[in-house]
Protein chains: 2
Amino acid sequence: MEPEHIDVTEPMPLHCPGACKTVSGVLARIGDKWSVLVIMQLGDEPRRFNDLKRTIGGISQRMLTLTLRGLERDGLVTRTIYPTIPPRVDYRLTDLGRSLRQPVQALGQWAMGNLKAIERARSTYDAAPAGQIFGVAEASGRRDDTHAIG
Amino acid sequence: MEPEHIDVTEPMPLHCPGACKTVSGVLARIGDKWSVLVIMQLGDEPRRFNDLKRTIGGISQRMLTLTLRGLERDGLVTRTIYPTIPPRVDYRLTDLGRSLRQPVQALGQWAMGNLKAIERARSTYDAAPAGQIFGVAEASGRRDDTHAIG
DNA sequence: CTGCATCCTCCTGGATACTG
DNA sequence: CAGTATCCAGGAGGATGCAG
């Protein structure tokens with residue numbers, strides 16, 4: 001994550017209409033180790049720093065800070081400081097942030113729904129990592145052409 | 001990415017029902033630098049290695065191999081080898097892989113639709129990175145309590 | 001409580017060279 | 001063509017200590 005500018009404008013070959021790269025950029029943003037967990041945890045209510053830290057569990061305060069800053073920079077989260085003693089800082093999702101929860105949850109449902117299938121695939125693969133091999137005969141039979149390529 | 005076992009079973013505090021962590025796991029899988037681009041490029045037709053490499057553009061052959069192996073391991077992609085000369089290997093999405101395109105595209109549409117908003121937010125943030133600050137008075141007025149925390 | 005700064009480690013991923 | 005193997009730089013991210 002590190003609060004660096006996402007390279008949406010990096011030197012890219014511009015093959016596809018930019019859509020793919022854009023998706024990639026978004027996933028670079030929310031696909032890091034913690035962003036999604038933070039977004040999910042933020043829900044609808046404002047949350048405080050250590051509250052988030054405890055609830056998420058396993059995140060270092062450094063990464064929570066960086067993640068929140070990143071989300072804040074992208075306009076997904078607002079950070080409200082109350083200069084009380086002890087200090088109090090509320091984080092809450094913006095409308096943009098909330099709108100992101102929708103597609104993320106879709107992905108989440110996919111994940112939950114296909115977790116078993118994925119685990120099964122992994123077991124299978126770990127047992128026999130080799131890809132399926134077709135002899136030339138079968139190949140030409142199935143594909144009707146295995147010839148001339150280069 | 002590196003063909004390592006995703007740590008879905010890592011020591012996790014088990015706070016949430018596992019849903020969040022599962023989502024996180026999936027994003028760890030497809031949220032890397034290339035997986036989504038590969039999945040998008042694979043589309044419905046079988047594609048060959050260098051074909052993918054060229055079309056994606058910018059990916060090293062090492063990373064394409066690793067990414068494809070990862071996707072294959074998770075059952076999202078099949079790898080079919082035709083032992084011809086020169087060698088031919090077809091990659092294609094499995095049903096599972098195709099089903100993933102759905103939520104991913106949802107995310108992609110979100111990305112496209114809110115790209116401008118995000119860029120605007122970034123500009124704003126880069127100009128004034130500080131979070132909004134409320135004085136104690138305003139704070140207690142808005143939240144009706146700013147007192148005792150710890 | 002909230003968070004920045006520092007150090008340090010490991011992984012990600014690019015470049016390159018070599019094999020079948 | 002389709003990889004594998006190796007080397008290497010840079011970044012992600014944890015641990016710790018300090019500040020407001």
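Convention: sequence-line order gives letters A, B, ...; per-chain numbering from 1.
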A:Val89 has a side chain; which of D:dG3, D:dG14, C:dT2 sits nearest to it? C:dT2
Do B:Trp110 and A:Leu96 touch side chain to side chain, with heavy atoms closer than 4.5 Å? yes
Side-chain atoms of B:Pro86 come closest, of D:dC1, D:dT4, C:dG13, to D:dC1
State, with a plain yes or no, whether a side-chain heavy atom of B:Gln41 is found less than 4.5 Å away from one of B:Asp51. no
With a 4.5 Å cut-off on side-chain heavy atoms, are B:Leu107 and A:Ile30 touching? yes
Five-pair end axes of the helix from C:dC1-D:dG20 to C:dG20-D:dC1, angle between them (10°): 40°
D:dG14 phosphate, OP1 or OP2, under 4.0 Å from A:Lys33 side-chain N/O: yes
CG of B:Leu66 versus P of D:dT6: gap in Å, rounded? 14 Å
Straight-line distance of A:Asn114 CG to B:Leu100 CG, nearest 0.5 Å: 8.5 Å
For B:Tyr82 and C:dG20, what is the distance between atoms OH and P respectively, to the nearest whole Å? 24 Å
Does D:dT6 have OP1 or OP2 sitting under 4.0 Å from an N or O in the side chain of B:Arg62? no
Expressed in angstrom and rounded to an integer, what is the separation of A:Arg69 atom CZ from C:dT2 atom P? 12 Å
Just one of B:Arg47, B:Glu45, B:Arg48 clears the side-chain contact (heavy atoms from CB on, under 4.5 Å) bar with B:Asp90, so which one? B:Arg48
Find out whether B:Val104 and B:Met40 are in side-chain contact, i.e. whether some heavy atom of one side chain is under 4.5 Å from a heavy atom of the other. yes
Evaluation steps, salt bridge (charged side-chain N to carboxylate O under 4.0 Å, His left out), between A:Asp74 and B:Arg122: CA-CA 5 Å; A:Asp74 283 359; B:Arg122 283 176 186 170; 2.6 Å; yes
B:Arg88 CZ - C:dG20 C1' separation (whole Å): 18 Å
Measuring from atom OG1 of A:Thr55 to atom CG of A:Asn50, what distance do you get when rounded to the nearest 0.5 angstrom? 10.0 Å
Any A:Tyr91 side-chain N or O less than 4.0 Å from OP1/OP2 of C:dG3: yes
Whole-Å distance between C:dG14 C1' and B:Ile59 CD1? 11 Å
Taking the side chain as every heavy atom from C-beta outward, state whether B:Arg69 and B:Val77 have any atom pair closer than 4.5 Å. no
May I have the distance from B:Arg48 (atom CZ) to D:dG3 (atom C1'), rounded to whole angstrom? 13 Å
Output the rounded distance in Å from CG (B:Asp32) to P (C:dG14). 10 Å
Could you pull out the protein-nucleic contacts involving nucleotides 18-20 of chain D (nitrogen or oxygen on both sides, under 3.5 Å)?
none

Rounded to whole Å, how long is the line connecting atom CE of A:Met63 with atom P of C:dC4? 13 Å
